Every structure is written in C-alpha cells, then in structure tokens.
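Proteins get letters first, then strands, A, B, ... in listed order; numbering begins at 1 in each. Since the model is a prediction, treat every value here as computed from it, not as a measurement.
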Amino acid sequence: MSKKEIIKLLEKIAVYMELKGENTFKVSAYRKAAQSLETDERPLDEIDDVTELKGIGKGVGEVINEYREQGKSTTLEALQDEVPAGLIPLLKIQGLGSKKIAKLYKELGIDSKDALQQACEAGKVSELSGFAKKTEQNILEAVKALGAKKDRYPIDQIAGLSLEIDSYLSEIEAIDQFNVAGSFRRFKESSKDIDYIISTDDPETVQQALLEIPNKVKEVAIGHTKISLELSYDDETIGVDFRLIEPSAYYHTLQHFTGSKDHNIRIRQLAKERNEKISEYGIEQQNGELIQYQSEAEIYEHYGVNWIAPAMREDGSEFDKSLTNILQLDDINGDLHMHTTFSDGAFSIEDMVKANIEKGYQYMVITDHSQSLKVANGLSVEQLLRQNEEIKTLNDKYDEIDIYSGIEMDILPNGELDYSDEVLAQLDYVIAAIHQSFNQPQEEIMKRLENACKNPYVRHIAHPTGRIIGKRPGYEPDIDKLCEMAEATNTILEINANPKRLDLNAEVVRKHPNIRLTINTDAHHVDHLEFMEYGVATAQKGFVHKERVINTLSREDFKDFIENNIKLKK
DNA sequence: GCCGTTTTCGGCCCGACTGTTTTCAGTCG
C-alpha cells in the first residue's frame, strides 16, 4: 500500500461527499487530511499512527487504517452506493458545482453526461428553480465541449501565450503596471488558465483594449474588476483572466491571485490571529484602517516572514521551513550546457559567449552533441578538437568570462560512451545523456546510466529522465536508484531548465536532498539562456539550497573544480 | 471531520461574478 493510494482514496471520498451534499467543512477535512499525508516527507511504512499528523483525527484515521489493513474502504463503498459515478465528470463543467449537480440528480434523475445533455435539449433543466434558459444553454454548450477542451496546458505552451499577452499589454498606455499571477507565476508544470493583474486608474479604457485583443475566441465574463476571455494559441483555446485594480492595491492583488489557495489560507490565518483581515485590497486592521504596501516583500514582512518566491507558494509548508539559503536566480554564475552551430545550435560560439557575458555570467561551458547523434549533427573527434582550439582562442579574447570546452556526449544503446577516455581527457567538462533507445527495459537503461556515472570524466547527467512535459514520459529510469548511483560516484544531476523538460523535476530533488545538482538551459539559441528562471524555480519547488548547485560557484572556485576536482569521482 | 494557553463547542478564508433573485445562492479562484 502506497501513500499515493491513500491520498487518492481520501480525495475520492471528498468528491463523493461533496456530490452527496455533505457539510463542506467535513469534505475539506478529507482534503486536508490527504494533503497532510502528501506534505509529510516520510514514506507510509515509517508512519505508524496517522492521527499524529495535523488534520487527521479519529474519523479519517479509521478510514485510513481500514484501507491499509484490508485494502478496502466501507466509507467509500457506502458513498458509491448512494452517489452515481457518472456525476463526477459533471464537476468539470464550468458553472456546475456539487449543489447544482445534486439538484439535477434528485429532481431529474440525471446521472451522466449524456442524460444531462438530453435533459437540456428537452428543456427540462430550465424548469427547475434556480436554473433558467440561460443556465440551460450554458450547460448544454459546456457538456458538448466536455472532453474536447483540455483541462490543463503544459508550462511551455502557457509561457508562449503569456509572451504574446505581455507584448499586447505593454502597448496599452492606460496600464500602470501588470504581471502574470496564478499557477504560471508559481511555475507549475501545467496550468488551467493564465491570470494577469493589471493596475490602472482608467479601467474602462483598459477593459475596451482587452476586448480588442486579436486572438480572442470568446468572452466568458466581463466585470468591473475581472475580465475572462478565451484566447487561441498554438491550435488551442486557453482561458485568460485579467484583474483590474487601482495602483494602490496592486501588490496585494498580485499576492492574492498568485496563490496558491493553500498558501493564502495560511496567510489569512496569520491575519486572523492578529485580528486583521487580508484580501486582494490590502490588510484591514481591527480599527478598520486599511494598510496597502507597495511591494510583496512588505506584505510578507508584515506577517514576520521573508518574501517567499512564487515557486514555493504551494501547500503552506513553506511557512514552516527555513528558506534563507534557498537558491535564487542571481546565485547562478554560469551556464554549463549549451549548443552552437557546430551541432544543432543556431548561433556561433562567439555569439553564445557574448550572450553569456550579457547575462553577467562568470563562466560557461560549450557542450555540443557527440558523433553518434547524427540527427543533431554530432561532432566527430576531429571537429570536437577543432572546436576545442576555437574555444581556447575565444577564451584569450574575452577576459570577462571563462569559456570551457565540453561535450554533451551520448550514452549509446549498448551502454558504451560515444568517445574514448583519451578524447574525453582533452575536454574541460563532460556531460553524458541519453538521446536514443528510450524503449529499452529499465534494467538496460540503468546499466547505461551506471556506466556513465562510473566514468571518471563524466561530470554530470543531462535531463536525467528524458521526459517532455505533456508529450512523452521519457525513458523512465529507476530514479531513486539513479540518485543513489549519482551520490556514490560524485556525479552531478541536471535540472534542465528548458520549460519543455524541467528534468529532474521538483519532486525528485526534494526527495533526494543529498544529490548535487546543476541547473542549465541547454540553449540552442541565445534567447534560450533566459530559461534559467524555470530551472531555478524548479529547484525552489524542491527547496534546494544553493550549496547543492554547482553553477553557483564563484569564478575561482569553478576553475578549481574544473582543474582539480575531477579526482573527486570514485 | 478537525481543532483548541481565551475555547471540548463553534468555528473553519474572502470577495467577485453570474444568473437568478427581489436580497441571494452557487460557483470560482
């Protein structure tokens, strides 16, 4: 029995209870219990008494114990007898919540998506009190669209749409300032929609301008403070909420709508303890006076904590941790993984050097693809050595930065590495990576990774799972074992910062606090150097301290690491 | 259902928008 199974059970019970019309606090008690289990770092075997966890008392404790011991839950079974399973997908319909669904079921016997569609088409729904023609019409549309529209979009797609919106908003003069909020600002791997906070003294003008945004597909809700649209992007239709707020309340609104929900609940509880009320408009004190700060940092300081980076604002546990040494973007002093026109990059070495200097980096490593990766124009030994010479010349030319010669070397399907040790010995920095034969059995994949870890020249493993978010799962290594191997051999694991990858993910780096990390953009274009913030955010989600990250070293220490630390490998 | 150095009962975060009301419930974030 795994913890995940119990979490799933509790969440399922919560959904059924919700549809049954149980007391909302009882429902959320089950959700809180699930979350408390999820937040606890220990595996299930190490938790003897679940009721020791905050939010799990006698009632939920018994449900969990029954499930642990007997693999079944009489509580869930009883609920399933009462509530038809066909009601659950209806919760996804915009505008339909548990109460309305319960009413549809009780009064019309609607127990599935199809039954709901038929009832709408027959005009039965609008005969119920609380429902009318407009509601019926909206439900009908939503039922038909159910399944057609995705409920979450990968971060890389959201990021693309967000850039388009950014450039549109920056042209609107009536806007004082704006920022993205919500789950995208928190760097979640996927988001349901995008939220924007816009400060303005002239909401009417901004509202008009927003309604004229070119890729608008649908107006969902138009209010004074909130405008919800659906925009088309990349063959998808993605929801975007714009919140308009006067400048004095801007940072409170930004904080509020950045969330997460649980993060905000913790803040509101802190407020309540002081007899204050915090909302998107400010902090209302007991005497009715409204405090409005002009930065997020001041809002957090008001409650006795330092500013918490959005990526870490998740389940509320961030308030209980020491965050002082957590990695920040400006701790990164160099990018160790990037490509040039020698293989499949779009820019020359010198262009990349200039771009890295522009970023303020103190060192960088050029790591093109190796000879076997023909599709990416991998380098023969001769090309590699020629590139090596070119890098030395550039290194002499640019004093501002240390340029190291490296390679992103393929780990071949048979487990061998793509160059001999004699060749690797001539490079400053060797990355190993899997780019082919993803479908091998896990055992063989692990053999390949083990060979790479054990090689004395391999410093780090790039994108260790090979996943592409929302597209492919990767080659699915035994990640716990890989982390052990990396630790035992002093091999560094990468957080690939490309928003398509984010690999390793936050969960893994959080679970394995002893592995050393490096965060790199894998840039194939000078613009890709900007991906670093996604990698840093991923590390923050894993509560990674900067000491764990090799490319936070100073210029001198990194030089020392390149020249002397290779012997650290066992 | 959970929780508690004011509480073992009475709270549990707060506000906007919609559609239906004729002062508000339901939904959403």
Checklist entry - B:dT20 and B:dC28: how far apart are their P atoms, nearest whole angstrom? => result 15 Å
Next on the checklist: Using a 4.0 Å heavy-atom cut-off, does A:N138 contact any base of the nucleic acid, only the sugar-phosphate backbone, or nothing at all?
Outcome noted: sugar-phosphate
Checklist outcome for this item: Testing B:dT20, B:dG15, B:dG29 for proximity to the side chain of A:Y281, the answer is B:dG15
Next on the checklist: Counting primed atoms plus P, OP1 and OP2 as sugar-phosphate and everything else as base, spell out the protein contacts along nucleotides 21-27 of chain B at 4.0 Å heavy-atom distance: B, S or - for each nucleotide, 5' to 3'.
Outcome noted: -----SS
Item to check | A:H263 ring center near A:Y300 ring center (under 6.0 Å) | outcome: yes
Checklist outcome for this item: Side-chain contact check for A:A221: nearest option of B:dC14, B:dG29, B:dC17 is B:dC17
Item to check | Separation between the P atoms of B:dT22 and B:dG15, rounded to whole Å | outcome: 26 Å
Checklist entry - Between A:E276 (CD) and B:dC14 (P), how many Å, whole number? => result 12 Å
Checklist entry - Quick one: A:Q207 CD to B:dA16 C1', roughly how many Å, whole number? => result 14 Å
Checklist entry - Hey, are A:K511 and A:D480 close enough for a salt bridge, meaning a charged N less than 4.0 Å from a carboxylate O? => result yes
Next on the checklist: Nearest whole Å is fine: how far is B:dT20 C1' from A:E127 CD?
Outcome noted: 17 Å
Checklist entry - A:R243 has an atom CZ; how far is it from atom P of B:dC28, in whole Å? => result 13 Å
Checklist entry - Does one side chain, of A:D331 or A:T552, offer a donor that lies under 3.5 Å from an acceptor on the other? => result no
Item to check | Base-pairing mate for B:dT8 - Watson-Crick or G-U, with both contacts under 3.5 Å | outcome: none
Checklist entry - With sequence neighbours left out, what residues match A:H256 under side chain to side chain contact (heavy atoms under 4.5 Å, CB included)? => result A:N264, A:R268, A:E280
Item to check | Side-chain N or O of A:T225 closer than 4.0 Å to phosphate OP1/OP2 of B:dC17 | outcome: yes
Checklist entry - Looking only at heavy atoms, which two atoms of A:D201 and A:P247 are closest? And how far apart? => result OD1-CD, 3.3 Å
Next on the checklist: The side chain of A:F25 is closest to which nucleotide in this list: B:dG1, B:dC14, B:dG29?
Outcome noted: B:dG1
Checklist entry - A:Y196 vs A:F178 aromatic rings, parallel, tilted or perpendicular, using cut-offs 30° and 60°? => result tilted
Next on the checklist: If I pick the P atom on B:dG1 and the same atom on B:dT6, what distance separates them, to the nearest angstrom?
Outcome noted: 28 Å
Item to check | A:D522-A:N498 side chain donor-acceptor pair, cut-off 3.5 Å | outcome: no
Checklist outcome for this item: Ranking B:dC17, B:dG1, B:dG29 by distance to the side chain of A:D241, first place goes to B:dG29
Checklist entry - OP1, OP2 of B:dC12 versus side-chain N and O of A:K272: anything below 4.0 Å? => result yes
Item to check | A:I139 CD1 to B:dG19 P, straight-line distance once rounded to whole Å | outcome: 11 Å
Checklist outcome for this item: Closest of B:dG29, B:dC2, B:dT20 to the A:V60 side chain is B:dC2
Item to check | Whole-angstrom distance between B:dT7 and B:dC12, as gauged at atom C1' | outcome: 14 Å
Checklist entry - Closest approach of A:M312 and A:K541, non-hydrogen atoms and distance? => result CG-N, 4.4 Å
Item to check | Phosphate-side-chain proximity, A:T24 and B:dC12, N/O vs OP1/OP2 below 4.0 Å | outcome: no
Next on the checklist: Distance check, P atoms only: B:dT8 and B:dC14, in whole angstrom units.
Outcome noted: 22 Å
Item to check | Spacing between A:N23 atom CG and B:dC12 atom P, to the nearest angstrom | outcome: 12 Å
Checklist entry - Between A:K92 and A:K277, which has a closest nucleotide on DNA chain B that is more 5'? => result A:K277
Item to check | Salt-bridge contact A:D503-A:R467 (side-chain N to carboxylate O under 4.0 Å) | outcome: no
Checklist entry - Rounding to a whole Å, what distance do you find between A:K134:NZ and B:dT18:P? => result 9 Å
Next on the checklist: Between B:dT27 and B:dT21, how far apart are the two C1' atoms, rounded to whole Å?
Outcome noted: 16 Å
Item to check | Integer-rounded Å distance: B:dG29 P and A:I267 CD1 | outcome: 21 Å
Checklist entry - Contact class for A:K32 (heavy atom, under 4.0 Å): base, sugar-phosphate, or nothing? => result nothing
Next on the checklist: Nearest heavy atom decides the nucleotide; on that basis, is A:E136 or A:V27 closer to the 5' end of DNA chain B?
Outcome noted: A:V27
Checklist entry - A:H256 has a side chain; which of B:dC17, B:dG1, B:dG29 sits nearest to it? => result B:dG29
